[in-house]
Amino acid sequence: MPIVLHDTLSREMRPLSLKAGKSTFGMYCCGPTVYGPAHIGNFRTFTLQDVLRRTLEVDGLKVKHVRNITDVDDKTIRGAQAAGQTLTDFTKKWTEKFHADCKALGLLTPQVEPSAVAHIPQQIAMIQALVERGHAYVSKDGSVYFKVHSCKGYGKLSHIDFSKQETQATNSAGEANDADEYERESASDFALWKSRKPEDGNNFWPSPWGEGRPGWHIECSAMSLAHLGATFDLHGGGIDLCFPHHENEIAQTECATGINGFAAHWFHSAHLLVEGEKMSKSKGNLFTLDELVAKGFSPMEVRYALIAGHYRTSLNFTMKGLEDARSALGKIERGVEKLLQVAGFTKAEFSVPTVMETQTAWGRFAHAWEVLQHDLNIPGCLGQVFTMLADKSELTEAQARHDLSGLGKILYALGLVLFTEVAGPSAPANVVALAAQRWSAKQAKDFAAADRLRKELTELGWTMLDHKDGYDLKK
RNA sequence: GGCGCGGUAGCCAAGUGGUAAGGCCGGGCUCUGCAAAAGCCCCAUGCGUCGGUUCAAUUCCGACCCGCGCCUCCA
């Protein structure tokens with residue numbers, strides 16, 4: 001059964017499958033602008049794209065995932081100058097940070113991660129094609145603009161009728177759209193190539209229209225064309241990119257290539273709220289992964305919290321949500337442990353994906369998988385997983401193995417890696433000594449002393465968890 | 001104003017034309033010297049409001065109220 005997904009352009013549920021004659025499913029996702037650490041809002045989008053990719057792979061499709069690095073734009077140029085670094089050094093630093101965060105969150109590496117700077121010639125070629133075909137014009141200062149009126153169907157993704165809105169002169173805040181700033185013919189036209197300006201510093205490239213740098217939208221059009229062709233299977237991004245970025249990508253690529261039908265499917269994910277409020281720097285709720293880890297949450301808990309809501313609904317990200325995620329992951333781990341026991345597998349065997357790949361069974365998790373296949377319903381799928389884990393039917397070894405095969409594939413699709421718990425901070429010597437004392441007292445049945453020592457430990461911020469033959473210390 | 005999303009228990013969050021998944025919290029019990037952990041059980045006659053269609057609506061239709069997003073470079 002193919003995966004069915006809501007498509008932003010047609011606004012319909014559509015099955016995702018390989019086009020006739022194709023062997024890979026091509027998906028392009030707009031990547032980060034590398035001028036600082038990505039925040040959890042960015043990672044919600046990237047994580048959901050990762051789940052989509054993994055789900056497609058579990059479904060048997062060979063996926064070619066392309067996610068670009070935006071390394072030339074106003075923000076990266078400004079950031080590099082503020083840091084006193086070259087654009088290359090500056091963006092390299094933040095690209096590496098991005099990769100480290102992705103790895104921690106368990107995101108699979110895209111097959112291609114093109115950089116905008118590395119595709120300047122392709123962008124220039126595309127702009128040239130647009131000028132030649134009459135879809136773009138060169139302004140007096142050497143900038144090039146896309147002529148929105150020349151593009152039939154512009155607005156089809158965001159469903160905006162530009163024939164009636166062509167002279168929109170103000171934005172939502174009531175501010176005038178500065179149509180003269182770049183000598184545009186129309187306020188709707190957008191820059192393909194920006195002529196060199198003093199504030200760009202050394203960041204300019206030669207072009208047929210003089211020195212300058214590419215506009216933002218053309219970067220993605222050129223990179224998707226270079227790596228996936230004029231048409232491909234799916235394009236993803238945050239909902240905010242729907243307009244204008246993706247609308248412009250469609251216009252640029254279709255007008256430059258003359259081929260209708262850019263991305264067959266549009267996958268947009270809703271935004272994140274933090275503690276019920278929109279994320280913003282001024283509210284101080286723009287968390288990075290590092291900040292959450294510093295608060296004591298594991299990247300896997302963050303991942304769970306980020307995918308725990310449906311991708312088309314905005315998700316309220318809270319500290320309590322992270323704690324919920326921790327408990328829920330623990331519950332899944334205990335359920336899996338129980339199944340492993342019955343199946344006669346070790347934890348290590350479970351975490352090796354190849355074990356799962358050789359298994360085709362779904363066991364009692366077939367329904368959970370069906371739920372996930374329907375519009376990437378992660379919360380519904382998780383609900384079904386918990387329902388099955390709570391089912392107390394007696395299982396044979398074979399049945400448990402089938403369950404593990406199915407559950408293993410679902411957990412792989414969700415990118416949830418279990419049993420990664422690293423040891424907490426080790427206790428200081430005085431705490432260790434107190435704990436040892438209490439254990440002795442308890443063994444000697446001197447419960448008054450044991451209780452007194454437990455209290456002391458609590459005051460030091462440590463909890464002693466007694467087991468049958470020993471104890472753990474937890475902060 | 002245009003386009004779009006949503007309002008389901010204390011919190012988070014699925015879902016369905018036939019009477020509400022799941023997670024967290026909370027309560028009870030079991031097991032533990034205590035504590036914790038864990039296990040078991042309980043926890044929405046109700047799905048923004050008001051109408052309509054229907055044998056039956058939270059689910060379809062209409063109106064309204066409320067919250068949110070985008071509307072030229074924010075995932």
Side-chain angles (χ1 to χ4, degrees), chain A residues 8 11 29-33 38-49 70 73-75 148 155 158-161 164-165 168 170-173 177-179 184 187-191 194 215-217 219 236-245 247-248 268-273 276-281 286 304-305 308-310 312-318 320-332 334 367-368 371 374 377-390 392 442 445-448 450-451 454-455 457-458 463-468 471-472 474:
Chain A
T8 313
R11 299 189 180 178
C29 300
C30 293
T33 302
H39 54 70
I40 48 168
N42 298 313
F43 280 119
R44 156 124 138 137
T45 296
F46 299 135
T47 306
L48 287 168
Q49 290 162 351
T70 299
D73 80 324
D74 292 346
K75 287 185 298 250
V148 164
S158 44
H159 298 254
I160 299 169
D161 185 352
K164 289 176 186 158
Q165 292 218 174
Q168 180 187 18
T170 56
N171 63 18
S172 57
N177 282 329
D178 190 353
R184 283 177 289 177
S188 302
D189 294 351
F190 55 91
K194 297 181 170 187
W216 176 43
H217 310 300
E219 299 178 356
I239 187 64
D240 56 299
L241 296 184
C242 182
F243 184 85
H245 185 56
E247 194 71 59
N248 292 350
H268 287 112
S269 38
H271 275 195
L272 206 62
L273 298 172
E277 291 190 308
K278 188 184 173 177
M279 282 194 311
S280 69
K281 274 185 183 159
L286 225 160
Y304 187 101
H310 189 92
R312 282 196 284 135
T313 309
S314 52
L315 177 78
N316 190 12
F317 187 88
T318 62
K320 183 176 180 300
L322 282 170
E323 283 160 23
D324 292 357
R326 171 173 296 170
S327 305
L329 277 168
K331 198 165 193 166
I332 295 174
R334 292 192 296 277
H367 184 52
V371 171
H374 188 261
N377 187 349
I378 300 171
C381 173
L382 285 168
Q384 195 50 225
V385 164
F386 284 110
T387 301
M388 285 302 110
L389 288 178
K392 285 168 210 68
K442 180 183 167 173
K445 302 224 185 286
D446 181 358
F447 297 127
D451 288 349
R454 173 183 287 288
K455 208 176 155 205
L457 283 165
T458 306
T463 309
M464 198 162 160
L465 305 178
D466 293 2
H467 307 305
K468 235 187 316 186
Y471 56 89
D472 281 327
K474 213 174 138 190

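Keep in mind that the numbers below use all heavy atoms, side chains included, and drop hydrogens, waters and symmetry copies.
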Check: L315(A) and R44(A) side chains under 4.5 Å, non-hydrogen atoms: yes

Range-with-range stems for RNA chain B, at least three Watson-Crick or G-U pairs under 3.5 Å: B:1-7 with B:65-71, B:10-12 with B:22-24, B:26-30 with B:38-42, B:48-52 with B:60-64

Side chain of T45(A) - closest among A75(B), A35(B), C71(B): A75(B)

Nucleotide of G69(B), C34(B), G15(B) approaching N377(A) most closely (side-chain heavy atoms): G15(B)

base_contact_polar (C34(B) base, D466(A) side chain, donor-acceptor, <3.5 Å): yes

Integer angstrom distance from the P of G28(B) to that of A35(B): 13 Å

E323(A) CD to C24(B) P, straight-line distance once rounded to whole Å: 13 Å

Sugar-phosphate, base or nothing in reach of K75(A), heavy atoms under 4.0 Å: sugar-phosphate

Donor-acceptor pair (no angle test) under 3.5 Å: R44(A) side chain, A75(B) base: no

Rounded interatomic separation in angstrom, taking NE2 from H271(A) and P from A75(B): 8 Å

Per-nucleotide protein contact string for nucleotides 37-43 of chain B (B base, S sugar-phosphate only, - none; heavy atom under 4.0 Å): -SSSS--

Side chain of H310(A) (C-beta onward), nearest among A14(B), C73(B), C11(B): A14(B)

D240(A), nearest nucleotide to its side chain (from U72(B), C25(B), C70(B)): C70(B)

Length of the line joining L315(A):CG and C12(B):C1', which is rounded to integer Å: 9 Å

Whole-angstrom distance between G67(B) and C55(B), as gauged at atom P: 38 Å

Qualifying residues under side-chain contact (heavy atoms from CB on, under 4.5 Å), relative to A328(A), sequence neighbours excluded: Y304(A), F386(A)

Candidates A14(B), C71(B), A75(B) - which lies nearest the side chain of T33(A): A75(B)

Could I get a table of every N or O pair under 3.5 Å where one atom is in the protein and the other is in nucleotides 3-6 of chain B?
from: C3(B); atom 1: O2'; to: S158(A); atom 2: O; distance (Å): 3.2
from: G4(B); atom 1: OP1; to: R11(A); atom 2: NH1; distance (Å): 2.6

Least distance between heavy atoms, F317(A) atom then A305(A) atom: CE1-CB, 3.9 Å

Nearest-0.5 Å distance, NZ of residue K331(A) to CG of residue L329(A): 12.5 Å

First of M279(A) and F190(A) reached from the 5' end of RNA chain B, by closest nucleotide: F190(A)

Of residues 379-388 of chain A, the positions that come close to RNA chain B - non-hydrogen atoms, cut-off under 4.0 Å: P379(A), G380(A), G383(A), F386(A), T387(A)

Heavy-atom side-chain contact between L241(A) and C30(A) under 4.5 Å: yes

Between C65(B) and U49(B) - P atom distance, rounded Å: 15 Å

Nucleotide C74(B), atom P - distance to CG of L286(A) in whole Å: 13 Å

Sequence-distant partners of Y471(A), ring pair (Phe, Tyr, Trp, His ring centres under 6.0 Å), two or more places apart: W439(A)

Spacing of OG1 belonging to T33(A) relative to CG belonging to D73(A), to within rounding of 0.5 Å: 5.0 Å

D324(A) CG - G10(B) C1' separation (whole Å): 12 Å

Those residues that, when tested against F243(A), pass ring pair (Phe, Tyr, Trp, His ring centres under 6.0 Å) (two or more places apart): F162(A)

Sugar-phosphate, base or nothing in reach of G237(A), heavy atoms under 4.0 Å: sugar-phosphate

P-based separation of C50(B) from U59(B) [nearest Å]: 12 Å

Main-chain N/O of G276(A) paired with N316(A) side-chain donor or acceptor, under 3.5 Å: yes

A14(B) and G23(B), which share atom name C1', separated by this distance in whole Å: 11 Å

Between C25(B) and C31(B) - C1' atom distance, rounded Å: 22 Å

Residues that D240(A) engages under side-chain contact (heavy atoms from CB on, under 4.5 Å), provided they are two or more places apart: H271(A)

Interatomic distance at P, C42(B) relative to C66(B), whole Å: 41 Å

Worked verdict on K442(A) versus D466(A) for side-chain contact (heavy atoms from CB on, under 4.5 Å): CA-CA 10 Å; K442(A) 180 183 167 173; D466(A) 293 2; 2.9 Å; yes

Nucleotide C12(B), atom P - distance to CG of L273(A) in whole Å: 11 Å

Pairwise C1' distance for G48(B) and U58(B), with rounding to whole Å: 11 Å

Sugar-phosphate, base or nothing in reach of N316(A), heavy atoms under 4.0 Å: sugar-phosphate

Aromatic plane relationship, H245(A) with W216(A) - under 30° parallel, 30 to 60° tilted, over 60° perpendicular: parallel

Nearest-0.5 Å distance that lies between atom OG in S158(A) and atom NE2 in H268(A): 9.5 Å

Rounded distance in Å - CD (E247(A)) to P (G2(B)): 19 Å

Reported CD1-to-OG1 distance for the pair I378(A) and T47(A), which is rounded to 0.5 angstrom: 9.5 Å

Hey, what are the protein-to-nucleotides 28-30 of chain B N/O distances that come in under 3.5 Å?
none

Sugar-phosphate, base or nothing in reach of F447(A), heavy atoms under 4.0 Å: base

Whole-Å distance separating the CZ atom of R454(A) from the P atom of C34(B): 11 Å

Phosphate-side-chain proximity, K278(A) and C70(B), N/O vs OP1/OP2 below 4.0 Å: yes

Comparing N248(A) and Y304(A) on RNA chain B - which has the more 5′ nearest nucleotide: Y304(A)

Sugar-phosphate only, base, or nothing, as touched by L272(A) at under 4.0 Å among non-hydrogen atoms: base

Test side-chain contact (heavy atoms from CB on, under 4.5 Å) applied to R312(A) - qualifying residues, sequence neighbours left out: H6(A), M13(A), H310(A), D375(A)

Which atom of M279(A) lies closest to which atom of L272(A), heavy atoms considered: CG-O, 4.3 Å

Pairing residues for F43(A) by the ring pair (Phe, Tyr, Trp, His ring centres under 6.0 Å) criterion, not counting sequence neighbours: F98(A)

Set of residues satisfying side-chain contact (heavy atoms from CB on, under 4.5 Å) with respect to K320(A), sequence neighbours excluded: T318(A), D324(A)

